[in-house]
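These figures come from a predicted structure and were not determined experimentally. Ligands are counted one by one from 1 in listed order, and the atoms in each one are counted from 1 as well.
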Amino acid sequence: MQYIPPNNLRGHDLAPLLAARDLEADWFNTNDFDVHATSNVARYTYYETSKQIPFHYRAAVPTLPQLHEWIDTLVADAREAQEERGGPIASVFHGPSLLLLGQTGVGKTHEAYGAARALAVSGVFAQWQVTTAADLYAALRPRHGIDSEAEFRKYRDARLLLVDDLGAERKPTEFTEEINFRLINHRYEHHLPTLMTSNVDPKELVNRLGDRVISRLAEMCQRVPMKGNDRRRNAA
Ligand SMILES: Nc1ncnc2c1ncn2[C@@H]1O[C@H](COP(=O)(O)OP(=O)(O)OP(=O)(O)O)[C@@H](O)[C@H]1O
Ligand SMILES: [Mg+2]
């Protein structure tokens, strides 16, 4: 926490996020010069999170009750850990993971970014790393001038990680299998909260990710199936 971001973040459509957590806009906009005040933690966290949200999902609001419950758990765990340690702010570090499953266009990515925004305004510090699985593999491909292990650790050790479109590659390679296993295994062992989405049918997902990854996901994640039509086609 280095600075207090501006209040009245216009155009960010914060009202539904604050209302869902019973928070007032006045609270979020308080001019309190204590950087550790929960409203300033919320403002800072929201400001940092918003930089990671793609333009298309900038106003996303989560609708699934399971996502709200997941956020409540992360917030409660963060506050409990703060009480135990007596730190100046509550911060998300450990927690359960969640896997959104559903066909193309049902709204998985929308829900995921909505969840990141909703968690951000809660008043606990939450730091995200976001990627699609395909972008992750591309970023980690060994190439000149890149320390792929350092890059990998950025995702492996992220406080909160969003991996969108897990299992999207039709033909897993040894490289993608190794990344999937090392990433999921580490986050499983360290109980690091990870939000994942996949549009692959659960039976096919076993073939794409392998038994050992699926076994860990089964224990660490709540699976949330999403049903419905392709919203993009409906909109068109
Ligand atoms: N609850 C919602 N309210 C309004 N718009 C929504 C909602 N959910 C999704 N959308 C819109 O519907 C479209 C599809 O949503 P999204 O991109 O989240 O789908 P997806 O399930 O991630 O699809 P894919 O599997 O292809 O990645 C997007 O334009 C998104 O903004
Ligand atoms: Mg998507």
Fill in: Residues Arg182 and Glu149 bridged, charged N to O under 4.0 Å
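Result for this pair is yes, salt bridge flagged.
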Show which atoms of ligand 1 fall inside a sub-4.0 Å distance from at least one heavy-atom site of [X].
X	value
Tyr57	16 (P), 17 (O), 18 (O)
His56	28 (C), 29 (O), 30 (C), 31 (O)
Asn199	25 (O)
Thr104	23 (O), 25 (O), 26 (O)

Worksheet item: Is Val61 close to ligand 1, meaning an N/O of one under 3.5 Å from an N/O of the other?
Response: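 Such a contact does not occur with ligand 1.
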Worksheet item: Can you get from Val41 to Val92 by hopping between Ile, Leu, Val, Met, Phe, Trp and Tyr side chains that sit under 4.5 Å apart?
Response: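 Each belongs to a different hydrophobic cluster.
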Worksheet item: Is the CZ atom of Phe181 crowded by more than 12 outside heavy atoms at less than 6.0 Å?
Response: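 Yes, because the 6.0 Å sphere around CZ of Phe181 holds more than 12 heavy atoms from other groups.
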Fill in: Atom CZ of Arg85 with >12 non-hydrogen neighbours under 6.0 angstrom
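Counting neighbours around CZ of Arg85, 12 or fewer heavy atoms of other residues, nucleotides or ligands fall under 6.0 Å, so no.
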Discussion item. Quick one: does any side-chain atom of Glu111 pair with a main-chain N or O of Leu64 as donor and acceptor, under 3.5 Å?
Written reply: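 Judged by distance alone, yes, a pair lies under 3.5 Å.
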Discussion item. Given the ring of Tyr46, does Arg117 sit roughly above its face, with NZ or CZ under 6.0 Å from the centre of the six-membered ring and within 45° of the axis?
Written reply: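 Checked: cation-pi criterion not met.
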Practice prompt. Go through the side-chain N and O atoms of Arg159 and Ser91 and say whether any donor and acceptor fall under 3.5 Å apart.
Written response: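 Distance-only check passes for Arg159 and Ser91.
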Worksheet item: Counting heavy atoms only, which part of Thr109 comes closer than 4.0 Å to ligand 1: side chain, backbone, both or neither?
Response: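 Both the backbone and the side chain of Thr109 come within reach of ligand 1.
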Worksheet item: Side chain, backbone, both or neither: which part of Met226 has a heavy atom under 4.0 Å from ligand 1?
Response: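 It is neither; nothing of Met226 touches ligand 1.
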For [atom], which candidate among [options] provides the closest heavy atom?
atom	options	result
atom 16 (P) of ligand 1	Gly228, Gly107, Gly114	Gly107
atom 3 (N) of ligand 1	Gln103, Arg232, Arg231	Arg231
atom 8 (N) of ligand 1	Glu111, His110, Arg233	His110

Discussion item. Would Leu162 and Leu160 count as a side chain to side chain contact (heavy atoms under 4.5 Å, CB included) here? Give the steps.
Written reply: CA-CA 7 Å; Leu162 167 60; Leu160 282 142; over 6 Å; no
Discussion item. Tell me the protein heavy atom at minimum distance from atom 21 (O) of ligand 1, and give that distance in Å.
Written reply: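 Minimum-distance protein heavy atom for atom 21 (O) of ligand 1 reads Lys108 NZ, 2.7 Å.
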Discussion item. Under 2.8 Å from the Mg ion (ligand 2) - does any N, O or S atom of Asn199 fall there?
Written reply: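 Within the cut-off used here (under 2.8 Å), Asn199 places no N, O or S atom near the Mg ion (ligand 2).
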Worksheet item: Under 4.0 angstrom from ligand 1, any heavy atom of Gly105?
Response: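 So Gly105 counts as touching ligand 1.
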Worksheet entry | Geometric class of the Tyr44/Phe125 ring pair [parallel <30°, tilted 30-60°, perpendicular >60°] |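 Correct class here is tilted.
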